[in-house]
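The structure under discussion is supplied below as structure tokens; questions concerning it will follow.
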Amino acid sequence: MPWLHLIIAGLLEVAWAVALKQTEGWTRLWPSVITALLMIASFFFLSLALRSLPIGTAYAIWTGIGAVGTALIGIFVFGEPRTAARLVCIVLIVAGIVGLKLASSSQA
């Protein structure tokens, strides 16, 4: 369950990062409320994962999921640049996430 909680927390991080853009600097009420609720939910699920996962591993994977997901949404939804360098960096983050997961599994 802790890995599922961590994945949910990471996906919620992507959601609040995208929603944060819609707040326009916290000046729009409902996007701000939604963003704050997504943040709370993301931290809640992260805290559940931290009950049994190492903090360094869990935090790195949580931020990695958030970074990769947000970057991909930026590319595919918001039309941000799709350069080879950006894509290689995204792949490297995914490799790091997988590596941390595998390293954590071998220590259990």
Side-chain angles (χ1 to χ4, degrees):
M1 271 319 252
W3 289 104
L4 178 61
H5 290 147
L6 186 57
I7 291 167
I8 292 168
L11 294 174
L12 286 165
E13 184 185 7
V14 173
W16 71 250
V18 173
L20 184 62
K21 183 169 179 62
Q22 305 306 313
T23 69
E24 295 180 11
W26 298 98
T27 60
R28 297 180 60 212
L29 176 62
W30 290 113
S32 297
V33 169
I34 291 167
T35 300
L37 291 174
L38 289 167
M39 287 176 165
I40 291 167
S42 180
F43 281 110
F44 172 75
F45 280 99
L46 177 61
S47 73
L48 293 179
L50 289 175
R51 288 180 177 172
S52 57
L53 296 177
I55 190 167
T57 299
Y59 184 76
I61 291 174
W62 176 66
T63 58
I65 292 169
V68 168
T70 305
L72 291 175
I73 287 175
I75 290 169
F76 292 109
V77 175
F78 295 109
E80 294 177 0
R82 191 183 306 205
T83 64
R86 287 187 84 194
L87 297 175
V88 166
C89 291
I90 290 170
V91 168
L92 290 172
I93 294 170
V94 171
I97 291 169
V98 170
L100 284 170
K101 167 64 173 110
L102 293 174
S104 292
S105 297
S106 68
Q107 292 176 355

Using distance only, find each side-chain donor-acceptor pair of residues 30-39 under 3.5 Å and give its atom names and separation, not counting sequence neighbours.
| unit_1 | atom_1 | unit_2 | atom_2 | d |
| --- | --- | --- | --- | --- |
| Ser32 | OG | Arg28 | O | 2.6 |
| Thr35 | OG1 | Ala19 | O | 3.3 |
| Thr35 | OG1 | Pro31 | O | 2.7 |

Same cluster or not: are Ile40 and Leu20 linked, directly or through other Ile, Leu, Val, Met, Phe, Trp or Tyr residues, by side-chain heavy atoms under 4.5 angstrom apart?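 Hydrophobic grouping puts Ile40 apart from Leu20.
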
Got Ile8 and Leu48 here, is their nearest side-chain heavy-atom distance under 4.5 Å?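 Side chain of Ile8 against side chain of Leu48, heavy atoms only: no contact under 4.5 Å found.
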
Should Leu4 and Phe45 be regarded as members of a common hydrophobic cluster, given that ILVMFWY residues are connected when their side-chain heavy atoms come within less than 4.5 Å of each other, either directly or indirectly? yes

Suppose we screen for side chain to side chain donor-acceptor pair (under 3.5 Å). Which residues come up paired with Thr23, at least two apart in sequence or across chains?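 None.
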
Keeping to residues at least two apart or across chains, list the salt bridge (charged side-chain N to carboxylate O under 4.0 Å, His left out) pairs with something in residues 30-46.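 Listed by first then second residue: nothing to list.
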
Hydrophobic cluster membership, with links at side-chain heavy-atom distances under 4.5 Å among I/L/V/M/F/W/Y: are Ile65 and Val91 in one? no

Closest heavy-atom pair and its distance - Leu50, Ala58: CD2-CB, 3.5 Å

Among all residues two or more places apart in sequence or in another chain, which pass the ring-ring contact (aromatic ring centres under 6.0 Å, His included) test with Phe44?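 If we apply the ring-ring contact (aromatic ring centres under 6.0 Å, His included) test to Phe44, skipping adjacent residues, there are no hits.
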
Residue pairs passing the salt bridge (charged side-chain N to carboxylate O under 4.0 Å, His left out) test where at least one lies in residues 36-61, sequence neighbours excluded: none

Rounded to the nearest 0.5 Å, how far apart are CD1 of Ile7 and CD1 of Ile61? 9.0 Å

Got Leu53 and Trp3 here, is their nearest side-chain heavy-atom distance under 4.5 Å?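 SC-SC contact between Leu53 and Trp3 confirmed.
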
Taking Ala67's backbone N and O only, do any of them form a donor-acceptor pair with Thr70's side chain (distance below 3.5 Å, no angle check)? no

Count I, L, V, M, F, W, Y as connected when their side-chain heavy atoms are under 4.5 Å apart, and connections chain through other members. Are Val88 and Ile97 then in the same cluster? no

Would you give the length of the straight line joining atom CG of Leu87 to atom CD1 of Ile75, rounded to the nearest 0.5 angstrom? 5.0 Å

So if you build clusters from Ile, Leu, Val, Met, Phe, Trp, Tyr with side-chain heavy-atom gaps below 4.5 Å, do Val94 and Leu72 land together? yes

How many angstroms lie between CD in Gln22 and CD in Glu24, if you round to the nearest 0.5 Å? 7.5 Å

Side chain to side chain donor-acceptor pair (under 3.5 Å) pairs touching residues 39-49, sequence neighbours excluded, are Ser42-Trp62

Got a sec: does the CD1 of Ile55 have more than 12 other heavy atoms crowding it under 6.0 Å? no

